[in-house]
Amino acid sequence: MHDFSQNVYRAVQKIPRGKVSNYGCIAFLAGKPRAARGVGFVLHRNPDPERIPCHRVVFKDGSLCKGYVFGGPDVQRQKLLEEGVAFLPDGRVDMETCGWYGKEE
DNA sequence: TGTGTGACGATCG
DNA sequence: GCGATCGCCACAC
């Protein structure tokens, strides 16, 4: 079975509200610490956008992808702000405060 | 059926 | 410290 993709979806669903994760983290949880690219593509093909909050997944730097699908990085940023995610003046997510690594909860 | 590409990240040189 | 290459996944051509 596609354990990797299934695990990726499961890990993303585990991300608590108000927190964000990164592709590397999801890949690690999926068992493929170097499959960040695969995670990105799997999320891009997000079969259940309502069930999988892929907008909570950002770069390890906390920056959002430039070619987003929701309508633009502004939309993703707004969604995260609505959830209480803190953003830095650089326009990146504050991974120091809202970074989720899947170890807690 | 096989190759190339795309929301990335880490490691090698 | 910076640059280049590899690894991983699924899908389109």
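Each chain gets a letter, A, B and so on, in the order its sequence line appears, and its residues count up from 1. Computed from heavy atoms alone, side chains included, the values below leave out hydrogens, waters and symmetry copies.
If you measure from atom OH of A/Tyr23 to atom P of B/dA7, you get 9 Å, rounded to the nearest angstrom. B/dG4 atom C1' lies 11 Å from atom CZ of A/Phe41, rounded to whole Å. Summarising the geometry, the separation between CZ on A/Arg34 and P on C/dT5 is reported as 17 Å, rounded to the nearest angstrom. The CG atom of A/Leu29 sits 18 Å away from the P atom of B/dC8 (whole-angstrom rounding). Between the CG atom of A/Leu43 and the P atom of C/dA10 there is a distance of 12 Å, rounded to whole Å. Residue A/Lys60 contributes atom NZ, which lies 11 Å from atom C1' of B/dC8 at whole-angstrom precision. In this structure, A/Ile26 places its CD1 atom 11 Å from P of B/dG9, rounding to the nearest Å. The OH atom of A/Tyr9 sits 8 Å away from the P atom of C/dA10 (whole-angstrom rounding).
The nucleotide B/dG9 finds its pairing partner in C/dC6, both defining distances of the Watson-Crick or G-U wobble pair being shorter than 3.5 Å. Under the Watson-Crick or G-U wobble criterion, with both distances below 3.5 Å, C/dG1 has no partner in any strand shown. B/dT1 makes up no base pair with any nucleotide shown, lacking Watson-Crick or G-U wobble contacts both under 3.5 Å.
Considering only heavy atoms from C-beta on, A/Val20 stays 4.5 Å or farther from A/His55 through its side chain. Contact check for A/Trp100 versus A/Lys14: side-chain heavy atoms found under the 4.5 Å cut-off. Put simply, the side chain of A/Ile26 reaches to within 4.5 Å of the side chain of A/Ile15, judged on heavy atoms.
Salt bridge present: A/Arg56 and A/Glu83 bring a charged side-chain N and a carboxylate O closer than 4.0 Å.
Distances from the side chain of A/Arg45 to the nucleotides C/dC8, C/dC11, B/dA7 place C/dC11 closest. Set against C/dA10, C/dC8, B/dA7, the side chain of A/Arg37 has C/dC8 as its closest nucleotide.
Projected onto DNA chain C by closest heavy-atom contact, A/Ser5 and A/Ala36 fall at different nucleotides, the more 5' of which corresponds to A/Ala36. When each of A/Asn22 and A/Gly38 is assigned the nucleotide of DNA chain B bearing its nearest heavy atom, the one mapping closer to the 5' terminus is A/Gly38.
For C/dG3 and B/dA7, the P atoms lie 22 Å apart once the distance is rounded to whole Å.
Across all strands, A/Phe59 comes closer than 4.0 Å only to sugar-phosphate atoms, never to a base (heavy-atom distances).
Note on A/Leu43: it clusters hydrophobically with A/Leu29, by side-chain heavy-atom contacts below 4.5 Å among ILVMFWY residues.
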